[in-house]
Number of protein chains: 2
Amino acid sequence: MTAKKPTIDDVARQSAVARTTVSRVLNGGPNVREEVRERVWEAVRALNYRVNPQARSLAGGQSRTLALILASDLEAQPNSFYASALELGALRECLALGFQLMARPVPQDAPDRRRRVLEVMSVQRCQGVILTPPFADDASLIEDIRREGGHVALISPGGAGRNLADGVGIDDEAGGHDIARHLIQLGHRRFGFISGIVGHLSAEQRFDGLMRALGEAGLAAESVQVARGDFTFRSGIEQARRMLEQSSAPTALICANDDMAAGALSSAHALGLDIPGQVSITGFDDTPVSEIVWPPLSTVHQPLKDMGQAAVRALAGRVSGASRDAPWRFSSLPHQVVVRGSTRAAP
Amino acid sequence: MTAKKPTIDDVARQSAVARTTVSRVLNGGPNVREEVRERVWEAVRALNYRVNPQARSLAGGQSRTLALILASDLEAQPNSFYASALELGALRECLALGFQLMARPVPQDAPDRRRRVLEVMSVQRCQGVILTPPFADDASLIEDIRREGGHVALISPGGAGRNLADGVGIDDEAGGHDIARHLIQLGHRRFGFISGIVGHLSAEQRFDGLMRALGEAGLAAESVQVARGDFTFRSGIEQARRMLEQSSAPTALICANDDMAAGALSSAHALGLDIPGQVSITGFDDTPVSEIVWPPLSTVHQPLKDMGQAAVRALAGRVSGASRDAPWRFSSLPHQVVVRGSTRAAP
DNA sequence: CCGAATGTTGGAAGCGCTTCCAATGAGAGG
DNA sequence: CCTCTCATTGGAAGCGCTTCCAACATTCGG
């Protein structure tokens, strides 16, 4: 079909050195004369040689493969923008660092979710796993992955995870605080909060931040009512309707992510409410969803692509041994309140 | 870190046969006594053995890796729901068939897009590539992939691709026809069509279908004005505004995908128009976007997950040689008009 | 009952790469 | 001038698997 691909031996022959030396050059090893190094690179170019990653993995005992575990209910909500953005950031960094990335959507409530995650270790021989919430705070899962010989990096760990592996995320508490303060400053006094699933600790911190903002403004804890959603658009619709149908409904709905805020928006529209005239609604994440809906959502921007990228970088460091014994490190990335059209002064 | 993983030799020893025999059993080869076969499987279970895909690839000369090329402008519109749905379907089938999948977003207007695509062949050693529009109709790209020894499957080829490789998609012409007829039956007589990028042939067929529906209803070609978008939300906003601001604006906007329809919705809202009271808007694809916006979009459902799955299946057949010499086959999947809240009788 | 055909098994040679270790050459120190 | 280092290079042994081919066992037709 096609001419056989050149191998490292072809390069060795062409540049008149031993295979070992070529390998050294390819991997940036030390102890090769500059002249030889150049000669080898030249041969590589001339032959259009590419290392065979399979062979390299086999020989080196390193698969250079990372897995990204995405919590998702496949049917209900296929990969959301949230997941896509993380994946994209991770993918890019993998490309740059010469790693492979396998994205794996795993339903968070599947009884065999643990097995599904561990399978990437045993079957795909991944060297590292990126865990997103709520998996990011599953201490025993992290332990299991380690037992299989894998490294772990966490996206937005909220609690346990924080001390168990490298992590990356924003300060969710501050994010929740900031968006709440935005609403308080607009004069709102009756709030509704639509939370995410149990176990998604970083999202719960957003609520903590909201409560702190309330306290700082001298508002009672009773000024906010809480409904539990599950991050899906549909749950946003349902919980928002419940709250909005009440006699003294909140004037501001704070949602733990954009999808639920979009659902809340739908419910408000369906009830004939004017947004933001009668009710303000906020999201969280600043995914494209927040721009697509009408009115566009005021939300908290989370640098998802950077987070995916940072997670890969952390993993790559551990895998290569560069940061072998360094203590777990959580890198906190900046967040930002983005004000769009879904919030306005309280009626 | 962890106990060394068992190898095929461990299984061979444990079941008292030669490595060759174990390999045969593992790969479902012929000529093994039932009794031996069982003995081997038992040893596999006992040792919790998993084949090492890297070693298998190297020895077999088959990487069992497929690539999914997604056209996307990374910055403007990170992986949309469209891409995610395809990826999910493909991923599942790969898992089932024992293939690896690498998703690769490639900007459709990057000058080095061809190189970026071909890189999955040379660097990742993929055996097959799934091309989505507009790459799906790039005859010379298909040829290049073949030259590198890869197989090709196409998602929604519209023209050239149809006769160059296996393909899967819906009947886009009929889809365009059906959604147009829906609008015509509602009494609309002035239409606006927001198209996709040049070269996205399957989307152009949607327009052909629209024109046919017009003709069948005895309406003049002049009853529809066309604006060129690029499938992004933003382009939907812009093109819709232009059309809606005119003195005799269309009463129905037909968009070539959901994202642009969402943009059109935004523009209509911004102009203070009532939807669907004053203007009806339709999308195409039936991605989650169409449910998230308000009012939810009437659109044409495209079974994206099934399409991703079918593409992988086609590729797997070619790779394994099962369908080596079969003629290229286009499988047409059913589409369906989904009526939601964004369409109503013409004012 | 015999040779041929067919079914079943094992031996061994790689696939393309990394890496341990030995070998070589060349300055440095005495 | 002669060891002793250390930088540089090459030889060779695998990594875990597939697969070609030879060896042996079994079956069948005549």
Side-chain angles (χ1 to χ4, degrees), chain A residues 3-40 43-44 47-65 98 100 122-125 127 149 319-321, chain B residues 3-40 43-44 47-65 98 100 122-125 127 149 319-321:
Chain A
K4 229 176 121 12
K5 299 216 163 100
T7 76
I8 195 174
D9 286 320
D10 296 324
V11 176
R13 205 169 312 121
Q14 171 99 8
S15 48
V17 296
R19 186 203 302 184
T20 315
T21 303
V22 177
S23 174
R24 248 179 229 118
V25 173
L26 258 23
N27 296 294
N31 299 344
V32 181
R33 268 184 309 154
E34 195 51 41
E35 181 220 324
V36 174
R37 197 179 291 277
E38 270 174 28
R39 189 142 45 90
V40 170
V44 167
L47 296 168
N48 191 28
Y49 166 80
R50 303 300 172 105
V51 307
N52 179 325
Q54 275 93 32
R56 170 179 285 186
S57 300
L58 182 56
Q62 304 247 318
S63 64
R64 289 189 81 80
T65 297
Q100 317 260 37
S122 63
V123 178
Q124 321 285 355
R125 317 250 156 174
Q127 295 188 272
V319 166
S320 69
Chain B
K4 228 177 125 5
K5 299 213 161 101
T7 74
I8 194 175
D9 285 321
D10 295 324
V11 176
R13 205 171 311 119
Q14 171 99 7
S15 49
V17 295
R19 186 203 302 184
T20 315
T21 303
V22 176
S23 175
R24 250 180 228 116
V25 173
L26 256 25
N27 296 294
N31 298 343
V32 180
R33 267 183 310 154
E34 196 50 43
E35 179 219 326
V36 175
R37 196 180 292 278
E38 272 175 26
R39 189 142 43 92
V40 171
V44 167
L47 295 168
N48 191 28
Y49 166 80
R50 303 300 173 102
V51 305
N52 180 325
Q54 275 93 31
R56 170 179 285 185
S57 298
L58 183 56
Q62 304 247 317
S63 64
R64 289 190 81 80
T65 298
Q100 316 261 37
S122 63
V123 178
Q124 321 285 355
R125 319 251 155 172
Q127 296 189 271
V319 166
S320 69

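Just so it is clear, the structure is predicted and the values come from calculations on it, not from any experiment. Just so it is clear: chains get the letters A, B, ... in the order the sequence lines come, proteins before strands, and each one is counted from 1.
With C:dT9, D:dG16, D:dT9 as the choices, the nucleotide that has an atom nearest any side-chain atom of A:Asn31 turns out to be D:dT9. Candidate nucleotides D:dG16, D:dG10, C:dG10 were compared by shortest atom distance to the side chain of B:Val17, and C:dG10 ranks first.
Contacts of B:Ser122 classified as side chain to side chain contact (heavy atoms under 4.5 Å, CB included), with partners at least two apart in sequence or in another chain: A:Arg50, B:Glu119, B:Glu148. Judged as a side chain to side chain donor-acceptor pair (under 3.5 Å), and not counting sequence neighbours, the contacts of B:Arg13 are B:Asp10. With sequence neighbours excluded, the residues forming a side chain to side chain donor-acceptor pair (under 3.5 Å) with A:Asn27 are A:Ser23, A:Arg56, listed by chain and number. With sequence neighbours left out, B:Arg33 forms a salt bridge (charged side-chain N to carboxylate O under 4.0 Å, His left out) with B:Glu35. Applying the side chain to side chain contact (heavy atoms under 4.5 Å, CB included) criterion to B:Ala59, with sequence neighbours excluded, gives no partner residue.
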Anything under 3.5 Å between a protein N or O and an N or O of nucleotides 18-23 of chain C, put it in a table, one pair a line.
unit_1 : atom_1 : unit_2  : atom_2 : d
C:dT18 : OP1    : A:Asn27 : OD1    : 3.4
C:dT18 : OP1    : A:Asn27 : ND2    : 3.1
C:dT18 : OP1    : A:Arg56 : NE     : 3.0
C:dT18 : OP1    : A:Arg56 : NH2    : 3.4
C:dT18 : OP2    : A:Ser23 : OG     : 2.7
C:dT18 : O4     : A:Arg19 : NH1    : 3.2
C:dT19 : O4     : A:Thr20 : OG1    : 3.4

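Of the two residues near DNA chain C, B:Thr21 and A:Tyr49, the one whose nearest nucleotide lies more 5' is B:Thr21.
Rounding to whole angstrom units, CD of residue A:Glu35 and P of D:dA7 are separated by 19 Å. When the P atom of D:dA7 is taken as reference, atom CZ of A:Arg33 falls 15 Å away, rounded to whole Å. Computed from coordinates, the A:Glu34 CD to D:dT9 P distance equals 11 Å when rounded to whole Å. Between A:Gln54 atom CD and D:dC15 atom C1' the separation is 14 Å, expressed in whole Å. Look at CG on A:Asn52: it is 6 Å from C1' on C:dG16, rounded to the nearest Å. Residue B:Asp9 contributes atom CG, which lies 13 Å from atom P of C:dG10 at whole-angstrom precision.
B:Gln127 places a side-chain N or O within donor-acceptor distance of the main-chain N or O of B:Arg64, the cut-off being under 3.5 Å.
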